[in-house]
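Chain A is the first sequence line, chain B the second, and so forth, proteins listed ahead of strands; every chain is numbered from 1. What's counted below: heavy atoms across the whole structure, side chains too, no hydrogens, waters or symmetry copies.
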Number of protein chains: 2
Amino acid sequence: MVTIKEVAHIAGVSIATVSRVLSNSDYPVSQRTRANILKVAGEVGYSPNRAARSLRTERSSLIGVILDNFSSLWAPVIVRGIQDVLHKKGYLTLVVNIPWEEHSRADVVKDLMGHSVDAFVFVETWHPVRERLDMLNNKPYVIVHRLFHESDPHSIIPDETYNSSLVVKHLLELGHEKVAYIAGDANYFSSSQRLDAYLDTMHAAGFGVRDGWIAQGEWCIPSGYQCAQRILASDEMPSAIVAANDELAYGALLAVLDAGLKVPDDIAIVGYDNNDISRISNPTITTVSLPLFLMGQIAAENLLCQLQTSDRDYAEQLIPGELIVRQSCGAPEGVEVYARDFQRATAE
Amino acid sequence: MVTIKEVAHIAGVSIATVSRVLSNSDYPVSQRTRANILKVAGEVGYSPNRAARSLRTERSSLIGVILDNFSSLWAPVIVRGIQDVLHKKGYLTLVVNIPWEEHSRADVVKDLMGHSVDAFVFVETWHPVRERLDMLNNKPYVIVHRLFHESDPHSIIPDETYNSSLVVKHLLELGHEKVAYIAGDANYFSSSQRLDAYLDTMHAAGFGVRDGWIAQGEWCIPSGYQCAQRILASDEMPSAIVAANDELAYGALLAVLDAGLKVPDDIAIVGYDNNDISRISNPTITTVSLPLFLMGQIAAENLLCQLQTSDRDYAEQLIPGELIVRQSCGAPEGVEVYARDFQRATAE
DNA sequence: ACCTTATCGGAAAACGTTTACTGTGTCAAG
DNA sequence: CTTGACACAGTAAACGTTTTCCGATAAGGT
């Protein structure tokens with residue numbers, strides 16, 4: 001590897017000058033020497049030794065990204081959003097996946113500190129423990145998470161309330177008045193947030209909600225199936241079912257079809273998450289897409305901001321989602337071209 | 001940050017001794033001092049400065065992972081496999097996603113070289129260009145990829161031929177003799193590999209293949225739909241369709257259902273990839289799962305091996321997949337519990 | 001002519017490690 | 001006893017940067 005020393009030698013200047021030019025400091029260097037150094041550096045293919053630089057400056061151009069569950073559908077998208085912004089600014093990311101159960105969670109932060117990362121991003125389904133946050137000794141950090149239960153000024157989270165009201169309002173606009181709800185796992189704060197948003201929106205519109213119309217589910221397809229069956233068995237059949245996520249919605253869809261009913265003609269169904277399921281099911285399911293990529297980008301921007309200003313006071317940010325209109329509730333469809341129709345259209 | 005100096009001071013020894021103990025070199029250090037140093041280091045929470053170490057040793061404990069398309073379903077799984085092995089050995093990964101079109105691909109390698117990564121993993125859909133491989137100046141590297149068209153000794157790739165014959169044999173065992181095939185995009189080497197494997201397996205079993213039974217598709221659902229329609233229109237109807245991937249299989253499934261036929265009763269369908277689609281469709285689709293996590297692990301092991309022995313000669317490795325038996329071809333199902341049945345079972 | 005100021009460049013210290021080299025002291029073989 | 005070998009610990013150089021401090025030159029104001 002070619003060092004700064006060689007560049008200095010060839011250019012006939014001291015290493016100090018080379019450093020000043022190449023790390024574009026604002027130290028005054030004449031145009032001539034600057035141009036010459038740049039030329040030489042380019043010719044010999046000089047690339048600064050990051051370790052040495054890091055040792056000296058205590059900055060590494062490395063950002064630690066700590067994940068809870070890299071296998072989830074969201075995480076990789078968020079990470080790409082983060083990287084999209086950071087790479088352009090010359091930062092690289094150290095992505096570490098630590099399952100929630102593992103004891104070594106604190107060690108990971110320590111490890112990353114050893115690599116002297118400049119900042120941290122936590123992408124987690126649960127709120128990062130205080131203990132770990134304390135180990136950061138004032139380095140910038142941001143938390144991107146879906147299912148928080150404790151507010152933190154450095155958080156970037158989806159606006160569950162807004163999103164949930166989005167789908168309910170959509171149904172109301174389509175003329176539905178009897179809307180049932182399948183809730184997610186009660187342990188999750190987001191479950192109650194979404195449920196509350198549903199209730200509030202219904203009440204605000206002046207519609208009541210029957211007891212039999214609310215079923216407590218568990219985020220998965222089988223649970224959606226069971227919950228829908230219970231709802232279908234209630235005294236008064238609803239005309240629409242809101243599911244707390246797409247898995248539940250898909251389960252509900254299967255139950256409704258198995259009951260000999262038609263979707264959306266007899267019962268409309270909406271989901272939440274914009275999973276692949278909702279895109280592929282038959283009929284496709286209207287849902288809410290979370291702007292995960294954007295959330296990653298915002299997290300990164302936020303971090304860059306903190307890195308520049310050394311101002312660590314950031315307000316929690318709620319990010320709104322977007323309604324994805326598909327076939328499952330009979331509305332005229334959105335811009336997206338759906339697999340099934342597309343096939344039929346092009347197959348002619 | 002607490003440095004080696006402080007540890008040495010507190011333990012009452014020289015920094016050399018501390019270094020020897022903490023970087024567990026095989027230099028002789030008495031049990032007493034060793035234990036003492038370890039104790040002190042633990043108490044003060046010492047964690048070595050990687051930049052300094054890296055500067056001195058020219059090793060960084062960092063592995064560069066270069067991705068083609070992080071958004072794909074495979075990439076994150078492979079990455080997790082890689083990390084699973086590497087993290088345990090104290091390595092961290094620098095994951096960089098560079099879309100194929102971008103001009104800065106070569107820069108990425110240079111960038112990572114600047115961070116003095118110890119080795120490279122390329123996770124790519126296309127073969128990494130020679131040019132980039134040359135920039136590695138003899139650092140260990142491994143290529144994990146799906147769709148190669150040029151052999152490389154450092155490659156870890158799925159055994160397309162074996163996998164493809166797996167599904168065909170499965171159908172033959174179930175008594176099918178008239179088996180049609182929907183191929184993937186002809187640009188991909190894997191398309192022809194899979195197609196050839198199908199043809200070979202059929203011929204080896206003594207069964208002929210009609211012209212109308214082979215359709216050239218394009219990896220996506222609509223294409224599967226069209227291809228299946230063409231196959232259904234052939235003079236002699238096949239009793240089974242092999243699709244080159246799950247998207248095509250799903251498209252074919254929809255076409256067959258739309259034609260008023262039953263799956264698997266009238267026509268059996270198999271896919272390839274074990275996508276979410278095949279798990280969720282109705283009926284669920286028998287397919288081949290690629291051991292992506294394992295491939296990542298193998299890649300990492302391979303790398304560790306190279307790092308230790310400085311032996312850079314590694315043979316290309318073909319990794320066999322696994323048949324996932326589901327509903328779409330009428331066989332008794334495998335161990336997996338399928339969403340739909342599970343719902344029915346637990347819904348009682 | 002002299003002083004002040006701005007502009008530019010260099011010398012050298014420092015960052016925290018690892019490691020080659022240089023002792024010590026102990027112990028066994030001669 | 002001497003000699004060599006061995007086990008252990010310390011000294012100091014080196015890795016490639018950045019940056020503080022200082023000096024030199026030139027320009028401008030009196």
With rounding to the nearest 0.5 Å, note down the distance linking [atom1] in [X] to [atom2] in [Y].
{"X": "H115(A)", "Y": "S61(B)", "atom1": "NE2", "atom2": "OG", "result": "5.5 Å"}
{"X": "L62(B)", "Y": "L94(B)", "atom1": "CG", "atom2": "CG", "result": "5.0 Å"}
{"X": "N24(B)", "Y": "L38(B)", "atom1": "CG", "atom2": "CG", "result": "9.0 Å"}

So what does [X] hit on the nucleic acid, given a heavy-atom distance under 4.0 Å: a base, only sugar-phosphate, or nothing?
{"X": "S19(A)", "answer": "base"}
{"X": "T17(A)", "answer": "sugar-phosphate"}
{"X": "S23(B)", "answer": "sugar-phosphate"}

Look for any protein N or O under 3.5 Å of an N or O in nucleotides 20-22 of chain C and output each such pair with its distance, or none.
none

Open item on the list: Tell me every residue that passes side-chain hydrogen bond (donor to acceptor under 3.5 Å, both in side chains) with T3(A), counting only those two or more places apart in sequence or in another chain.
Closed with: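 With neighbours one apart ignored, the set is empty.
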
So which atom in [X] and which in [Y] form the shortest heavy-atom distance, rounded to 0.1 Å?
{"X": "P158(A)", "Y": "L290(A)", "result": "CB-CG, 4.2 Å"}
{"X": "V29(B)", "Y": "T33(B)", "result": "CG1-OG1, 3.6 Å"}
{"X": "F120(B)", "Y": "L136(B)", "result": "CD1-CG, 3.7 Å"}
{"X": "I15(B)", "Y": "K5(B)", "result": "CG2-CA, 3.7 Å"}

How long is the line joining [atom1] of [X] and [atom2] of [N], in whole Å?
{"X": "E6(B)", "N": "dT17(C)", "atom1": "CD", "atom2": "P", "result": "9 Å"}
{"X": "L55(A)", "N": "dA13(C)", "atom1": "CG", "atom2": "P", "result": "17 Å"}
{"X": "I4(A)", "N": "dA14(C)", "atom1": "CD1", "atom2": "C1'", "result": "15 Å"}

- [ ] Please state whether the rings of F122(B) and Y141(B) are parallel, tilted or perpendicular, taking 30° and 60° as the class boundaries.
- [x]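 Rings of F122(B) and Y141(B): perpendicular, as their planes differ by over 60°.
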
- [ ] Considering only heavy atoms of chain B and a distance under 4.0 Å, specify the first and last nucleotide of DNA chain D in 5' to 3' order that meet this criterion.
- [x]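 From 5' to 3', the first and last contacting nucleotides are dC8(D) to dG16(D).
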
Open item on the list: At a heavy-atom distance below 4.0 Å, what parts of residues 28-50 of chain B sit against DNA chain C?
Closed with: Y46(B), P48(B), N49(B)

Name every donor-acceptor pair, under 3.5 Å, that has one atom in a side chain of residues 291-304 of chain B and the other anywhere in the protein, sequence neighbours excluded.
from: Q297(B); atom 1: NE2; to: D84(B); atom 2: OD2; distance (Å): 2.8
from: N302(B); atom 1: OD1; to: Q306(B); atom 2: NE2; distance (Å): 3.2

- [ ] May I have all residue pairs that pass salt bridge (Lys or Arg N to Asp or Glu O under 4.0 Å) and include part of residues 11-39 of chain B, sequence neighbours excluded?
- [x]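 Found K39(B)-E43(B).
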
